[in-house]
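Written out below as structure tokens is the structure these notes cover.
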Amino acid sequence: MMRSNVKDVTEDEGYPLVIEPSSVTTEECDFDGDIVRELLTKMNYPALRAAATQVDQAADLPAELPSTLDDGLLRRLHHVLLQVHVVEGALRCPKTGRRFKINNGIPNMLLHEDEL
């Protein structure tokens, strides 16, 4: 969940960027509940859930993160956080509409000169 770095866009206005996926893949990796718990302490759950919705992966996620995380929920969060990859598409600034293209899984966040 990234934010826009366009000039005159505050953190609140430019966060989170909207994901516009055209190609999404999943890649299996070993489950580690401790890593998922640690990641959750560093992120905004509503933004994570919004991102998961934008890539059609939020069906099994609760609207609000419960205080106790069971193994099933940790595995669903692991899937969204570590196994889902946007390969092609764009990230869009919610305030300006500026689109940052994603190619081969890498977003191009370079700004035009007038946006610095």
Side-chain angles (χ1 to χ4, degrees):
M1 285 93 29
M2 301 171 74
R3 71 175 191 85
S4 179
N5 56 353
V6 174
K7 176 177 66 174
D8 298 329
V9 175
T10 66
E11 185 168 331
D12 290 338
E13 297 170 328
Y15 178 83
L17 293 175
V18 177
I19 303 170
E20 299 175 343
S22 58
S23 174
V24 177
T25 63
T26 57
E27 200 172 307
E28 295 292 321
C29 64
D30 293 337
F31 171 72
D32 185 333
D34 292 334
I35 290 175
V36 175
R37 279 190 185 87
E38 182 65 25
L39 287 171
L40 289 171
T41 66
K42 301 173 189 309
M43 65 180 48
N44 176 319
Y45 181 76
L48 169 63
R49 190 163 192 294
T53 300
Q54 293 159 9
V55 295
D56 295 327
Q57 298 290 322
D60 294 332
L61 298 181
E64 294 183 15
L65 193 62
S67 56
T68 304
L69 304 173
D70 64 32
D71 188 65
L73 178 55
L74 284 171
R75 287 182 181 278
R76 292 190 304 272
L77 289 164
H78 164 85
H79 175 74
V80 170
L81 287 166
L82 301 171
Q83 296 180 329
V84 177
H85 305 281
V86 177
V87 179
E88 303 292 332
L91 299 173
R92 181 176 41 82
C93 175
K95 179 179 182 191
T96 65
R98 167 71 153 84
R99 296 177 80 239
F100 301 94
K101 195 169 186 177
I102 302 169
N103 244 342
N104 294 319
I106 302 169
N108 180 351
M109 301 298 292
L110 295 176
L111 297 175
H112 299 127
E113 195 167 312
D114 63 331
E115 297 173 315
L116 298 174

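Along the sequence shown, residues carry numbers from 1. Predicted model, so just to flag it, every value in this text is computed and none were measured.
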Point-to-point distance, once rounded to the nearest 0.5 Å, from [atom1] of [X] to [atom2] of [Y]:
{"X": "L82", "Y": "T26", "atom1": "CG", "atom2": "OG1", "value": "12.5 Å"}
{"X": "T25", "Y": "Q83", "atom1": "OG1", "atom2": "CD", "value": "10.5 Å"}
{"X": "R37", "Y": "L77", "atom1": "CZ", "atom2": "CG", "value": "10.5 Å"}

Check whether F100 forms a cation-pi arrangement with R98 (NZ or CZ under 6.0 Å from the six-membered ring centre, at most 45° off the ring normal).
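Judged by the rule (NZ or CZ under 6.0 Å from the ring centre, within 45° of its axis), R98 counts as positioned above F100.
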Is any side-chain heavy atom of L81 closer than 4.5 Å to a side-chain heavy atom of M43?
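Yes, side chains in contact.
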Within-4.5 Å side-chain heavy-atom neighbours: S23 and V86
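Answer no - side chains too far apart.
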Using only atom types and a distance under 3.5 Å, with no angle test, would you say the side chain of [X] pairs donor to acceptor with the backbone of [Y]?
{"X": "E13", "Y": "K95", "value": "no"}
{"X": "S22", "Y": "E88", "value": "yes"}
{"X": "H78", "Y": "I35", "value": "no"}

At their closest point, which heavy atom of [X] faces which heavy atom of [Y], and how far apart are they?
{"X": "A90", "Y": "R99", "answer": "CB-NH2, 3.3 Å"}
{"X": "A52", "Y": "V80", "answer": "CB-CG1, 3.8 Å"}
{"X": "E38", "Y": "T41", "answer": "O-OG1, 2.6 Å"}
{"X": "P94", "Y": "P16", "answer": "CG-O, 3.6 Å"}

Cluster question for you: counting only ILVMFWY and a side-chain heavy-atom cut-off of under 4.5 Å, with indirect links fine, are L48 and V18 together?
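No, separate clusters.
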Are V55 and V87 connected in a single hydrophobic cluster, I mean Ile/Leu/Val/Met/Phe/Trp/Tyr linked by side-chain heavy atoms less than 4.5 Å apart?
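No, no single cluster joins them.
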Donor-acceptor list for residues 62-76 side chains, cut-off 3.5 Å, not counting sequence neighbours:
from	atom 1	to	atom 2	distance (Å)
D70	OD1	G72	N	3.1
D70	OD1	L73	N	2.7
D71	OD2	R75	NE	3.0
R76	NE	D60	O	2.7
R76	NH1	G72	O	3.4

Going by the side chain to side chain contact (heavy atoms under 4.5 Å, CB included) test, name the single residue among K101, E20, M109, R3 that passes it with L91.
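Considering K101, E20, M109, R3, a side chain to side chain contact (heavy atoms under 4.5 Å, CB included) with L91 is found only for M109.
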